[in-house]
Q: 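The structure's right below; bear with me while I get my questions together.
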Amino acid sequence: TRMVTFGSSTVLARGSAFTGAVDSDTFTMSFLMRPANDGTTRIILADGGTNTILNLTPGNQLRLYIEDAHGASVGVDITTTDTFLAGNLYHVAIEVDLSAGVANIYRAVNGGAIAATTLTTGTAPNLQAGGNISWTDPVWYVGFTSSYYTGDLGTYYLNIGVRIDLTNSA
């Protein structure tokens, strides 16, 4: 599998805006990652504003944070308790359907079977039922321009408007 190595200043950017037509309450995302370091915030996906969509936390957990398209309210805010440590190869798959109240993160470690991660409790997962996720920001970054992700990323897949049920093995 081909991977892109992100260094201390590597960024991929999509420089044109999606239209509001892509705003949706569902999406599916999948990618491979091999983090190069531990213990810092490492942004994997961010919009052109100040919103981090997907990052590794200083505690090496994966956090998915998405604002609702209709305002500053949060549509999704979930963090894994499983850790993603430097040097390991992870397959990460994410499914979100706000209308069904579903937000799951799955992972496989070093080629093992993919399994659901354990999500934090309490106020998370925070799912806004009936929310609509905004994808209309003018620029999207992989790696971002601060708190860079360092390590390898590959086989990145994002399908807006479609939730693939990852619990179905068929």
Q: Using side chain to side chain donor-acceptor pair (under 3.5 Å) as the criterion, list what pairs up with T28, not counting sequence neighbours.
A: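 Checked T28 against side chain to side chain donor-acceptor pair (under 3.5 Å); zero matches.
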
Q: In chain order, what residues pass the side chain to side chain donor-acceptor pair (under 3.5 Å) check against T83, with sequence neighbours excluded?
A: none

Q: So V92 and M33, do their side chains get closer than 4.5 Å, heavy atoms only?
A: yes

Q: Could you give the distance from CG (L32) to CG (L153), rounded to the nearest 0.5 Å?
A: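 The distance works out to 9.0 Å.
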
Q: Using 0.5 Å steps for rounding, measure from the CD1 atom of I94 to the CG atom of L45.
A: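 Output value for this atom pair is 9.0 Å.
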
Q: Restricting to side chain to side chain contact (heavy atoms under 4.5 Å, CB included), what partner residues turn up for D152, sequence neighbours left out?
A: M3, T5, R34

Q: With side-chain contact (heavy atoms from CB on, under 4.5 Å) as the criterion, how do L54 and M29 come out once you've worked through the C-alpha distance, each side chain's angles and the decisive distance to 0.1 Å?
A: CA-CA 11 Å; L54 188 65; M29 180 187 299; 3.8 Å; yes

Q: We want to know whether T41 and N55 form a side-chain donor-acceptor pair, criterion being a heavy-atom distance below 3.5 angstrom.
A: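 Their side chains do not contain a donor-acceptor pair, so the 3.5 Å distance test is not met.
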
Q: Taking R42 for the side chain and N37 for the main chain, is one N or O donor matched with an acceptor at less than 3.5 Å?
A: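 Yes, because the side chain of R42 sits within donor-acceptor range (under 3.5 Å) of the backbone of N37.
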
Q: Looking only at non-hydrogen atoms, find the nearest pair between F31 and Y156 and report the distance.
A: CB-CD1, 3.6 Å

Q: For I44 and L56, what are the C-alpha separation, side-chain angles and deciding distance, and is it a side-chain contact (heavy atoms from CB on, under 4.5 Å)?
A: CA-CA 7 Å; I44 298 168; L56 285 169; 4.2 Å; yes

Q: Please name the pair of heavy atoms, one in I43 and one in Y149, separated by the smallest distance, quoted to 0.1 Å.
A: O-CB, 3.1 Å

Q: For P35 and N88, work out which heavy atoms get closest and say how close.
A: CD-O, 3.6 Å

Q: For N159 and F27, what are the C-alpha separation, side-chain angles and deciding distance, and is it a side-chain contact (heavy atoms from CB on, under 4.5 Å)?
A: CA-CA 6 Å; N159 192 336; F27 74 90; over 6 Å; no

Q: Please name the pair of heavy atoms, one in L62 and one in F84, separated by the smallest distance, quoted to 0.1 Å.
A: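 Closest heavy-atom pair between L62 and F84: CB-CE1, 3.7 Å.
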
Q: Do the side chain of Y90 and the main chain of L85 share a donor and acceptor less than 3.5 angstrom apart?
A: yes

